[in-house]
Trainee: 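What follows is a single structure, and I will ask about it in a moment.
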Amino acid sequence: MTSADNLQAFKREGRIVVVGASLAGLRAAEALRDEGFTGSLTMIGDELGEPYDRPPLSKQVLTGWVPAADTKLPRRREIDAEWLLGVPASGLDLATNHVRLADGREVPFDRVLISTGVRARPWFVESEAALDGVFVVRTREHAEGLQRALAAGPSRVLVIGAGFTGSEIASMCRERGIPVTVAELAPAPLVGALGAMIGEVAADMQRAHGVDLRCGVKVTRLEGDAQGRRLRRAHFDDGSTIDADVAVVALGGIRNTEWLRDSGLAAGVWGIACDTGCRALDLNGLVTDDVFAAGDVARCPNPVYEYRLISLEHWANAVEQAEVAAHNMVSGQADRWPHLSIPLFWSIQFGVNIKSVGVPTFADEVVVTQGSVPDRRFVAAYGYRGRVTAAVSFNNAKWLDHYRSLIETAAPFPPPCPTPDQPADMKPVPVDFPGPVLLAQGATVVVTGHDPSERRVTAVHQHHR
């Protein structure tokens with residue numbers, strides 16, 4: 001049989017397993033059927049219930065506008081799949097092509113898509129995290145519990161972490177008239193994602209809306225009541241304390257890759273390394289033919305950003321990556337697509353619509369190109385070594401398509417302003433992100449073997465000196 005005959009036989013009779021039954025997994029399954037795949041399709045997910053949309057959880061659900069049960073993702077088409085829900089995957093065996101489940105079952109596959117996403121980073125002391133009133137926000141159940149706690153009218157809410165999720169929760173609390181304290185280790189909110197200049201704008205915005213914003217401090221302890229059941233007080237590393245009924249831990253996410261530890265894939269805390277076609281790499285950096293990744297857990301090289309491996313927790317990225325992965329799973333080499341999407345992100349905080357295009361962290365300078373910062377209606381462009389790499393807008397998103405074009409064409413930075421609202425002083429300033437954080441201590445792999453045919457790498461999960 002020719003390779004074309006083999007491909008057609010696979011599309012008719014092959015076995016595809018999708019591990020991770022959320023946005024990327026569902027959209028990939030739909031795209032596989034649209035591509036003409038009529039073989040066996042199995043969906044594995046660690047949560048019970050059908051896939052649901054996560055962005056509304058920290059937005060509409062917490063305000064009470066949308067019940068958590070109404071966040072189910074709409075189906076674009078029927079996918080005729082076997083659903084294995086409520087049991088997480090525990091391992092991947094590439095020698096026998098099986099996914100192992102935590103209950104002992106093994107699911108065979110010809111090709112597998114990994115879209116296991118991220119989970120919320122929990123509070124670091126388990127007994128304190130278990131106190132009534134301490135929440136994270138990642139799942140539908142998390143959002144339901146926090147919504148009930150906020151509806152009860154707490155005397156004060158503590159938000160630990162001033163990234164996008166933490167800032168959105170603080171905004172929602174102020175909309176409901178709830179006193180809120182935000183604790184952030186960095187110098188300002190959003191500084192890790194958008195840099196110091198935008199961080200200062202975000203800090204001013206929060207304080208103007210009555211947020212007790214405390215930057216450069218760390219929460220060291222969450223104290224319970226006399227019975228050790230309910231949250232009562234939080235302690236800071238500067239010696240201060242606050243009384244609070246509710247604490248929301250918004251310290252980012254952990255990519256769900258631990259189950260791949262012994263799989264032989266290049267998977268770790270950053271996610272799963274892939275090529276631009278969403279094919280996973282193994283520990284040796286070789287492309288696998290039958291393992292693909294999409295969504296928050298995938299790290300793909302982006303040619304626009306010097307082929308650096310980038311993982312993005314963005315809704316649109318998950319959808320586009322899933323469609324590329326699905327197409328490539330059932331296509332020949334010559335017909336495969338690269339994932340070349342320019343990231344988009346949006347957030348609504350304190351009545352301001354914040355949108356970005358590109359990767360702001362891939363920048364060394366930033367400049368306000370349109371509008372007025374004091375009015376919180378402006379566009380800021382980001383540049384790296386003299387070219388435009390990203391843009392962020394506050395209540396001025398209509399020009400972002402223009403900036404996307406500048407990014408895609410490697411336009412010079414600072415860019416010319418196409419509108420009459422150009423600031424009088426368009427002087428770039430250093431973007432000033434917080435210092436890099438070491439993700440692991442020591443080596444991640446060691447090389448073994450002597451001859452070219454023997455040389456391989458082995459994962460090292462802890463480096464001993």
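Everything numeric here is computed off the predicted structure, so don't read it as measured data. In this chain, numbering begins with 1 at the start of the sequence shown.
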Trainee: Kindly indicate whether the side chain of Leu26, heavy atoms from C-beta on, has any atom under 4.5 Å from the side chain of Arg75.
Mentor: yes

Trainee: Applying ring pair (Phe, Tyr, Trp, His ring centres under 6.0 Å), name anything that partners Phe135, two or more places apart in sequence or on another chain.
Mentor: none

Trainee: Are Arg138 and Asp46 ion-paired here, with the side-chain N under 4.0 Å from a carboxylate O?
Mentor: no

Trainee: Going by atom types alone, do Thr369 and Tyr403 pair a side-chain donor with an acceptor below 3.5 Å?
Mentor: yes

Trainee: Tell me the closest heavy-atom pair linking Ala280 and Ile272, and the distance in Å.
Mentor: CB-CG2, 4.0 Å

Trainee: Applying ring pair (Phe, Tyr, Trp, His ring centres under 6.0 Å), which residue pairs with at least one partner in residues 368-393 are found, sequence neighbours left out?
Mentor: Phe362-Tyr384, Phe378-Phe394

Trainee: Once ring pair (Phe, Tyr, Trp, His ring centres under 6.0 Å) is applied, do any residues pair with Tyr52, and if so which ones, sequence neighbours excluded?
Mentor: none

Trainee: If you define the side chain from C-beta out and look only at heavy atoms, does anything of Pro179 sit under 4.5 Å from Asp212?
Mentor: no

Trainee: Scan for ring pair (Phe, Tyr, Trp, His ring centres under 6.0 Å) pairs involving residues 55-76, sequence neighbours excluded, and state none if there are none.
Mentor: none

Trainee: Between Thr257 and Gly268 (side chain of the first, backbone of the second, donor and acceptor by atom type, cut-off under 3.5 Å), is there such a pair?
Mentor: yes

Trainee: Using atom types as modelled and distance alone, determine if a side-chain donor or acceptor of Thr71 lies under 3.5 Å from a backbone N or O of Ala68.
Mentor: yes

Trainee: State, yes or no, whether a side-chain contact exists between Leu222 and Ile160 at a heavy-atom distance under 4.5 Å.
Mentor: yes

Trainee: Please determine, by modelled atom types, if Glu168 and Ser347 share a side-chain donor-acceptor pair under 3.5 angstrom.
Mentor: yes

Trainee: Any donor-acceptor pair under 3.5 Å linking the side chain of Arg377 with the backbone of Asn395?
Mentor: yes

Trainee: Could you check whether any side-chain heavy atom of Leu23 comes within less than 4.5 Å of a side-chain heavy atom of Val319, counting everything from C-beta outward?
Mentor: yes

Trainee: Would you compute the distance between atom CG of Leu312 and atom CZ of Phe345 and round it to the nearest 0.5 angstrom?
Mentor: 11.0 Å

Trainee: Working to the nearest 0.5 Å, report the span between CD of Glu30 and CG of Leu73.
Mentor: 8.5 Å

Trainee: Would Thr389 and Arg387 satisfy side-chain contact (heavy atoms from CB on, under 4.5 Å), going step by step from the backbone distance to the final call?
Mentor: CA-CA 6 Å; Thr389 57; Arg387 66 181 178 90; 4.0 Å; yes

Trainee: Indicate yes or no: at least one non-hydrogen side-chain atom of Asp238 is less than 4.5 angstrom from one of Arg214.
Mentor: no

Trainee: Quick one: does Ile114's side chain get under 4.5 Å of Leu92's, heavy atoms only?
Mentor: yes

Trainee: Keeping to residues at least two apart or across chains, list the salt bridge (Lys or Arg N to Asp or Glu O under 4.0 Å) pairs with something in residues 340-354.
Mentor: none

Trainee: Looking at side-chain heavy atoms only, is the closest gap between Lys398 and Asn396 below 4.5 Å?
Mentor: yes

Trainee: Tell me, which pairs form a salt bridge (Lys or Arg N to Asp or Glu O under 4.0 Å) where one or both residues lie in residues 224-235, sequence neighbours left out?
Mentor: Glu223-Arg232, Glu223-Arg233, Arg233-Asp243

Trainee: Okay, side chain of Trp259, backbone of Asn256: is any donor-acceptor separation there less than 3.5 Å?
Mentor: yes

Trainee: Going by ring pair (Phe, Tyr, Trp, His ring centres under 6.0 Å), name the residues that satisfy it together with His142, two or more places apart in sequence or in a different chain.
Mentor: none

Trainee: Can you tell me how far NE2 of His314 sits from CG of Asp296, rounded to the nearest 0.5 angstrom?
Mentor: 9.0 Å

Trainee: Which atoms form the tightest heavy-atom contact between Ala143 and Val61, and what is the distance?
Mentor: CB-CG1, 3.8 Å

Trainee: Would you name the heavy atoms of Ala188 and Val191 that are closest together and state the gap between them?
Mentor: O-CG1, 3.2 Å

Trainee: Any chance you could measure Trp399, atom CH2, to Arg404, atom CZ, to the nearest 0.5 Å?
Mentor: 15.5 Å

Trainee: Can you pull out every salt bridge (Lys or Arg N to Asp or Glu O under 4.0 Å) where at least one residue sits in residues 272-285? Sequence neighbours excluded, please.
Mentor: Asp275-Arg279, Arg279-Asp289

Trainee: Could you go through residues 171-178 and list every donor-acceptor pair under 3.5 Å that involves a side-chain atom there, pairing it with any protein atom two or more places apart or in another chain?
Mentor:
from	atom 1	to	atom 2	distance (Å)
Ser171	OG	Phe350	N	2.7
Arg174	NE	His209	O	2.9
Arg174	NH1	Ile178	O	3.0
Arg176	NH1	Leu62	O	2.7

Trainee: Just by modelled atom types, is the His235 backbone N or O under 3.5 Å from a matching donor or acceptor in the Thr220 side chain?
Mentor: yes

Trainee: Tell me every residue that passes side-chain contact (heavy atoms from CB on, under 4.5 Å) with Asp103, counting only those two or more places apart in sequence or in another chain.
Mentor: Val87, Leu101, Arg105

Trainee: Are side-chain heavy atoms of Tyr305 and Ile407 found at a separation under 4.5 Å?
Mentor: yes

Trainee: Please report the shortest heavy-atom distance between Gln370 and Pro423, naming the atom on each side.
Mentor: N-CD, 3.8 Å

Trainee: Could you tell me the separation between the CD atom of Gln206 and the SG atom of Cys215, rounded to the nearest 0.5 Å?
Mentor: 7.5 Å

Trainee: Would you say Thr42's side chain and Val17's backbone share a donor-acceptor pair under 3.5 angstrom?
Mentor: no

Trainee: Looking at Asn317, Asn302, Thr276, which hits side-chain hydrogen bond (donor to acceptor under 3.5 Å, both in side chains) with His339?
Mentor: Asn317

Trainee: Please enumerate all residues that pass ring pair (Phe, Tyr, Trp, His ring centres under 6.0 Å) together with Phe413, with sequence neighbours excluded.
Mentor: none

Trainee: Show, in sequence, the C-alpha distance, side-chain angles and deciding distance for Leu190 and Gln349, and conclude whether the side-chain contact (heavy atoms from CB on, under 4.5 Å) test is met.
Mentor: CA-CA 12 Å; Leu190 309 183; Gln349 305 170 21; 4.2 Å; yes

Trainee: Under the salt bridge (charged side-chain N to carboxylate O under 4.0 Å, His left out) test, which residues partner Glu313, sequence neighbours left out?
Mentor: Arg255

Trainee: Working to the nearest 0.5 angstrom, can you tell me the gap between Glu184 CD and Leu251 CG?
Mentor: 8.5 Å

